[in-house]
Structures are given as C-alpha cells and as structure tokens.
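Reviewing the structure listed below.
When reading the values below, keep in mind they use all heavy atoms of this one structure, side chains included, and skip hydrogens, waters and symmetry mates.
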Amino acid sequence: MRNPLRIAVLAVALTASAGAQTPTPAVALEHVSGLQPTMNGYLAFGHGYLTRFESESVEFTPMLGERVARDMPLRWSLRSIRRGETPIAVPTRGVKPTRIGDSVCWHRDSVLERYEVRADAIEQSFVFEKRLAGAGDLIVTCDLETELAAETRADGTLMFAADGAPAVLVGQVYGIDAAGNRADGALRCRGRQIELVLPAGFVDTAVFPLTLDPTYASPIVASNAAIDDHDVAYDVTTDSYLIVWTRDVSAANTHVFGARIPSGSQLATGLVIDASNGVASHPRVGNVNARDQFFVAWQHAAVRNVPTNIRGTAVGAATGTVQTPISIAATADDEQAPVVAGDSTTSDDEAIVAWRTPNGIFVQQVSIPATLIPALIGSPVTVISGGTDDLAISKAADGASRLSLAWSFQGALSRDLAVRGLTRNLTLLGSTLILGSSVLDETAPALGTGMLAYERESSTIGTPHRDIACALIDETAAGVTLRASGIVVAGGSGDEHAPDLARLGNRHALVWASTSTTGVTTTHAQLLADDRSPCNSRVALPATGSSGPGTPRLASATLFDIARNDSMISFTAPGSSARDLFGQRFESLGRGFPFNLELPANCGQGGVQSLLNPPFVIGNEAFGFAVSGLPAGTATFLVIGYHDGSISPCTNCIFCGTCTLTTPVSMEFVPQFGGIATRGFPTPCDPIYLGTTLETQWLSFGSAATVCPQAPGLTASSRMRHILWN
C-alpha cells in the first residue's frame with residue numbers, strides 16, 4: 001500500500017527553452033529514498049519515515065514533525081515462525097543484515113526476511129524456500145516495541161496513532177507462491193507482538209518458494225512535518241548536483257537529508273547526511289572540485305530554542321559516501337546561519353565555512369580529503385565584530401583564490417549592506433565596502449562574480465513589499481570596491497524577496513521569490529549580462545502556492561569556466577499537506593531552435609555550411625558560421641540576409657544560372673585556409689532579438705566554375721536558415 005498522500009520530495013525538470021516561452025512544467029519523480037550503511041547496520045529514509053536496520057531489529061520512525069514532543073518509533077524483531085503448533089527452526093538472533101540492491105535482508109537458513117526500501121514505505125516480506133513441516137496456518141510472530149497506540153481496522157490493516165492522530169499504517173497481509181497463486185492473510189496485534197498469518201489451505205497447496213508479504217508500513221505524514229531550509233551545489237568532474245535540506249522527525253529531532261542528481265538524469269539518490277539526536281537547521285553546501293567532494297555545514301542544538309553550534313561533513317560526489325560529521329564551531333557563543341564556499345579549481349582542497357554570532361562574523365578553513373573525514377585547518381578568523389545578519393559568501397573560490405563575504409547590519413537610519421574580500425587561506429583583503437541607502441532597508445545579499453544582488457525596500461512610506469536590486473563590484477587583491485551602484489532588476493507591485501545569484505558561463509543567473517498582492521508566491525529566474533541587462537524574459541518556475549515557496553537556492557558550475565552554463569534551482573512550495581522540495585534545471589544557453597534549416601541552392605563546389613560553437617541562441621558570445629570544402633585559392637565571402645518566408649522557390653533571392661543566391665544585408669570577405677573559413681558571430685544578450693531569422697550563404701570567386709553565366713568563376717554553398725532562440 002503506497003502512502004495515500006503521495007507527497008513529492010523532489011521533482012527534477014529539464015527546461016526546454018527559456019526565452020519568451022513558458023517553461024516546460026517540472027517532471028515529477030517518484031519520491032526520493034535512500035539506503036546507506038552505518039556502524040551498526042543500515043539507515044534508510046523516505047519522504048515520511050526514517051528506518052534503522054540493526055543486528056536484531058528494525059526501527060521504523062515516522063516523521064511527525066513538531067506536533068509530537070519526541071520521536072515515536074515502531075521497533076520490531078522476529079520472534080518465531082510456526083505452522084500450527086509446529087515451530088519452524090530458524091535462527092532469530094546473531095544474524096547480521098546484508099544489503100541486496102534497495103533491500104535489507106536477514107538470511108535465516110531457508111527463510112529470507114527482507115525489507116525493500118521505497119520512497120513512501122518499507123515493504124516487509126518473508127520468503128520460504130522449501131515446504132514447511134507441520135500443519136495448520138503459517139504464523140510469523142514479531143516482537144513489538146512502541147509508544148504508539150495500535151488499532152485493528154475493519155479492512156484488516158493495523159493503524160498506530162500518536163496522540164490520537166494516525167502515524168503508521170501496516171497494510172494487509174497476503175501470500176504469493178512461485179506459480180503466481182495468491183491468497184489473503186491476516187494481521188493480528190497481540191499486546192507487544194504482531195502475528196502475520198497465512199491460511200493452512202493455501203500453504204498446503206502452494207508452489208514453493210512462497211512469499212508472505214504484509215504490504216507497506218506507510219507513514220501518514222503530518223502537515224507540520226515539512227521540508228525546511230535547503231541548498232544546492234554542483235560538482236564539475238562528476239557532472240552532478242547535491243541538494244540538501246532538513247526535516248522535522250519530532251520536536252526533539254530534526255535531521256539533514258540530501259539527494260544526489262546526475263546532470264543528465266531525472267533519477268535522484270537519497271542520503272541521510274546527519275541523523276544524530278538534536279535539532280539541525282540551515283544546511284548549506286559547497287563543492288571542492290579537486291576532491292570531487294561536497295561539503296555540507298549546518299547549525300545544530302541539543303534541543304530547540306537554545307544556542308546552536310556549527311557542524312559539517314563531506315559527501316562524495318561520485319559515491320554518495322557521507323563522512324562522519326565534525327564540529328566546526330562549538331563555543332558558549334550562539335553560532336548561527338553557516339554559509340559554505342567551495343573551490344572551483346583543482347589546485348587546492350579546502351572549503352570555507354563562515355557563520356555569525358551576536359559578537360561578529362567568523363570564517364574557518366576545512367580540509368576535504370578525497371575519502372577521509374574532513375579536518376579543520378587552524379583557528380577561526382574574525383571578519384568583523386558586532387551584530388550582523390543575512391550572511392552570504394561566494395559559492396566558490398575563483399582562479400585567483402579569492403572570494404567575498406556579504407552581510408547586512410543596522411546602519412544609522414536603515415539596514416545596510418557590507419562586503420569584504422578574502423583569500424582562500426583566510427587573509428582579509430582591503431577594507432569593508434559599505435553599501436546602503438540613507439532611508440531604505442537593504443538586506444539578504446547574494447554574491448555572484450562581480451555582482452551583488454539583494455532585497456531593497458520599495459519605498460519609505462511603510463509599504464510591505466521589496467524589490468530585488470543588483471550592484472556591480474570589483475573583487476581584486478586590494479579588496480572589494482563598488483563599480484556601479486545598485487539598480488532594481490526585479491520590482492513591481494508584489495513583494496520580491498529571497499534572491500540568490502550564481503555565475504553561469506558568461507553571465508549570471510538570478511533567482512528570487514515573488515509574492516503577489518493576492519498572496520500567491522512564485523519562484524522566478526532570469527539571466528543577466530555582466531552589466532545587469534536581462535538576457536531573457538523572466539521565467540516562472542512551475543510550482544506555486546498561496547502559502548508561498550521557500551527561499552530559492554541556486555547552484556553554480558564554476559566561477560571562471562565560461563563553458564559551463566547549466567545549473568539547478570532548489571525551491572520549496574506547498575504540497576497536499578506539507579511543503580515539497582523541487583529541483584529545476586536551468587541553463588544560461590538553451591538548446592536553441594530544434595534545427596537549422598538547410599535550403600537547396602548549392603552550385604559548383606560551393607562548400608558545406610556548418611555552425612561554429614552552436615547553438616544560435618541569445619547571448620552565445622562564441623557562436624559563428626563556418627564552411628568547408630571550398631575550392632582552393634578562391635576569394636570567399638559570407639553573405640547574411642533576412643529570410644523572405646519561403647523555402648523554395650525563393651521569391652526574394654537572386655537567380656544566377658543554377659545558383660540561388662541569398663539577397664544580402666551584409667557581405668564580408670573571410671579568408672579561407674585549406675578550404676575552410678569561419679566567421680565569429682556573437683549574439684546579443686537581449687531578449688528583444690528572440691525569433692530573429694537569418695539566412696547565410698558562402699560565395700567563392702576565382703574558381704573554374706561556369707554555373708553562373710553572369711559571374712564566371714562563382715560558386716555558392718547551400719543557404720542555411722537560422723532562428724535566434726534561447
């Protein structure tokens with residue numbers, strides 16, 4: 001039985017074209033689940049449960065959120081198997097669990113006890129390899145430990161409740177034999193024991209192996225067991241993303257989870273990053289390219305509403321191996337809101353973790369070995385003393401080993417912003433750059449490469465909404481300086497908030513949340529050139545809700561490799577009973593128009609057209625036109641014209657014998673070498689040009705061809721039509 005609520009944890013969408021078009025809706029996946037080894041066995045999780053498989057027992061914990069004061073697990077272990085009154089001799093103790101695919105198994109001689117990990121449930125089954133001695137019903141008895149109250153329902157299922165509300169559902173029992181014959185069984189709860197029963201008649205005639213299968217132990221997810229804060233990062237070498245988030249199991253325990261997603265895949269592998277007792281929150285993740293490792297940091301407290309410390313761990317980008325968490329900052333101070341900078345280069349293996357306390361901002365360098373537990377390097381460095389808020393950091397150190405920190409603070413009349421440069425080795429650069437209006441609050445900074453996005457109050461008259469502004473900064477060895485003051489890049493009557501920013505290829509991607517005057521919140525994304533001009537129309541991500549998506553977060557490929565242009569946005573939105581977490585693919589260079597149409601017209605040895613660094617899309621600075629197979633020694637020209645709406649015959653072309661020539665808007669000499677000629681044609685970063693259609697053709701003069709009587713020696717390539725897209 002699958003969870004009837006069907007809450008999606010993660011949906012990954014591949015964007016089709018981002019320009020003026022409506023983006024393709026997110027492609028929903030099955031709910032994310034994970035299974036990984038621990039010191040004592042295995043740990044599994046799905047959207048609404050956490051399960052520990054240890055040497056003697058299975059502990060199934062529904063995620064009920066803050067409505068329950070502490071975890072309310074259901075723990076069971078095999079006690080006995082019998083037919084009627086005849087015991088079936090199988091070992092119930094001293095058997096260690098093993099993993100087979102997505103299942104955890106106990107091999108008990110000729111009986112296999114198996115638990116299949118699924119996204120919304122754990123499926124328990126017992127497989128009997130050979131015919132059983134004795135007569136009567138087949139009865140499997142499990143010892144049970146739980147604080148949950150059990151109730152047998154009319155349909156034969158067993159419901160466990162916490163404080164009167166449903167918590168865990170154990171489904172109906174059935175048997176199926178090797179021939180496919182099936183029979184309903186029974187589920188009985190007798191005090192601290194559960195009995196799984198198959199009728200004697202079915203067992204007598206069954207073709208072995210025989211499987212006894214109670215359907216899924218499915219949690220009923222409470223509305224307040226919502227996905228909490230989240231973040232996303234990218235690993236270049238493995239071409240994969242890691243999304244991290246927290247979720248409340250109970251008021252006493254909040255854990256950190258993750259999902260690894262290969263760039264070209266819609267399949268996600270779930271991970272439990274930290275399941276220790278206590279309350280985890282504010283997870284942030286960066287990537288250390290030299291080690292192909294992600295580093296995750298979060299704040300942690302033993303109980304709610306007390307000062308927190310900072311923890312962190314590494315996650316293998318290729319393997320998903322989660323290292324033992326380490327303590328990054330654990331003083332008597334209240335360490336909060338960690339942020340993580342990775343390293344895009346292959347020359348160093350450190351991550352940088354920054355956090356704030358009531359007494360200032362601190363940064364710590366963390367070494368990330370390839371397969372070992374991370375280690376702190378030296379002591380924390382104080383960036384600034386005093387109260388701050390809204391801490392942000394560059395997503396990775398650049399090729400010059402530099403990065404920046406930004407934060408907000410209380411200025412004379414309003415909240416203002418500050419930015420400070422530092423090196424990967426935590427040397428502070430220059431002085432602190434202060435940005436701020438004398439009367440408008442400016443908060444929630446996000447750092448790109450030479451760009452700073454932030455929230456700005458839209459007026460001083462007490463209107464509650466905000467705009468998204470961007471300033472340009474120079475980050476040098478001398479420190480951070482202001483290149484251009486902030487301007488509003490996303491504003492209007494709604495409330496624009498929660499920006500994040502990342503370098504994607506030769507431009508920036510900006511994401512933010514926008515709440516309309518009717519209370520509907522949508523996550524938006526837009527591409528910006530380095531001068532902050534928009535490169536595409538604003539894209540609305542597909543999930544919206546009246547209670548509003550959470551803060552969107554954006555992964556960055558690298559800070560300086562313009563060949564990398566794709567990314568992923570993580571964001572939350574209300575689901576049927578809780579906030580769901582989504583991942584949305586986003587590209588700064590789209591796939592372009594589905595084809596570049598080649599039109600008939602080749603005459604003589606005019607060569608074969610091709611594209612240089614395609615696709616033909618908005619903002620592709622490396623794009624160009626090419627031709628090969630030209631007649632040797634000829635003078636070559638590239639002709640560019642607008643199309644006339646026809647394919648063939650052409651009503652606005654020049655006809656020259658057997659040649660059909662594009663009517664030129666421009667005609668340019670291009671030197672050829674060995675029969676090959678290329679001409680760069682960088683496309684503008686402006687959505688106003690979307691849909692522009694050009695025709696190109698290459699003309700060569702000086703050959704022995706006579707295909708055009710009016711122009712002896714002329715040869716022409718075929719015409720190619722190109723539609724500027726995104």
Side-chain angles (χ1 to χ4, degrees), residues 18-19 234 236 341 344-345 392-406 417 419 421 429 433 435 442 445-454 456 467-491 496 499-512 524-539 554-567 569 586-590 613 615-624 680-690 724 726:
Y234 175 78
V236 175
S344 301
T345 73
I393 197 169
S394 304
K395 295 185 181 296
D398 65 13
S401 300
R402 292 191 297 262
L403 45 90
S404 295
L405 276 169
L417 298 175
V419 189
L429 302 174
L433 172 66
L435 301 88
E442 295 179 327
L447 285 159
T449 305
M451 188 178 291
L452 174 73
Y454 53 94
R456 173 188 285 174
D467 298 326
I468 304 300
C470 277
L472 300 181
I473 56 177
D474 288 321
E475 301 164 290
T476 69
V480 179
T481 56
L482 182 65
R483 177 157 41 100
S485 299
I487 60 172
V488 173
V489 294
E496 318 294 325
D500 197 18
L501 192 65
R503 162 69 69 178
L504 266 67
N506 59 359
R507 67 195 76 188
H508 280 84
L510 173 69
V511 296
W512 72 96
H524 288 285
Q526 188 160 37
L527 296 168
L528 302 176
D530 282 343
D531 63 358
R532 298 170 291 187
S533 60
C535 293
N536 69 328
S537 300
R538 184 181 300 181
V539 176
L554 182 64
S556 177
T558 70
L559 293 187
F560 54 88
D561 179 3
I562 65 170
R564 303 299 314 183
N565 67 76
D566 58 341
S567 184
I569 305 165
F586 191 73
E587 294 182 334
S588 67
L589 288 181
N613 300 317
F616 185 48
V617 293
I618 290 291
N620 186 353
E621 296 182 353
F623 181 76
F681 194 82
T683 57
C685 191
D686 191 334
I688 195 173
Y689 294 105
L690 279 171
L724 188 59
N726 206 339

Shortest non-hydrogen separation from [X] to [Y] and the atoms involved:
X	Y	value
M451	L472	CE-CD2, 3.9 Å
R507	L528	CB-O, 3.2 Å
L452	A406	CD1-CB, 4.1 Å
R538	Q526	N-NE2, 3.7 Å
S394	L447	N-CD1, 3.7 Å
L429	A477	CD2-O, 3.6 Å

By side-chain contact (heavy atoms from CB on, under 4.5 Å) - contacts of [X] (at least two apart):
X	value
A509	L504, L527, L554, F586
S485	L482
T683	F616, N620, F623, L724
A478	T476

Among all residues two or more places apart in sequence or in another chain, which pass the side-chain hydrogen bond (donor to acceptor under 3.5 Å, both in side chains) test with D467?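 For D467 there are no side-chain hydrogen bond (donor to acceptor under 3.5 Å, both in side chains) partners, ignoring immediate neighbours.
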Euclidean distance, [Y] [atom2] relative to [X] [atom1], rounded to 0.5 Å:
X	Y	atom1	atom2	answer
I487	S533	CD1	OG	9.0 Å
L510	L501	CG	CG	6.0 Å
L403	T449	CG	OG1	11.0 Å

Backbone N or O of V480 within a donor-acceptor pair of the E475 side chain at under 3.5 Å?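 No, the answer is negative, given that no donor and acceptor are paired below the 3.5 Å cut-off.
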Hey, is the main chain of C470 close enough, under 3.5 Å, to the side chain of R532 for a donor-acceptor pair?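 A pair under 3.5 Å: yes.
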Is there a side-chain contact between K395 and D500, using heavy atoms and a 4.5 Å cut-off?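 SC-SC contact between K395 and D500 confirmed.
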Please identify each residue that fulfils salt bridge (charged side-chain N to carboxylate O under 4.0 Å, His left out) with E496, with sequence neighbours left out.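 Checked E496 against salt bridge (charged side-chain N to carboxylate O under 4.0 Å, His left out); zero matches.
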Between the side chains of D530 and R503, is the shortest nitrogen-to-carboxylate-oxygen separation below 4.0 Å, so that they form an ion pair?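 Yes, charged N to carboxylate O under 4.0 Å.
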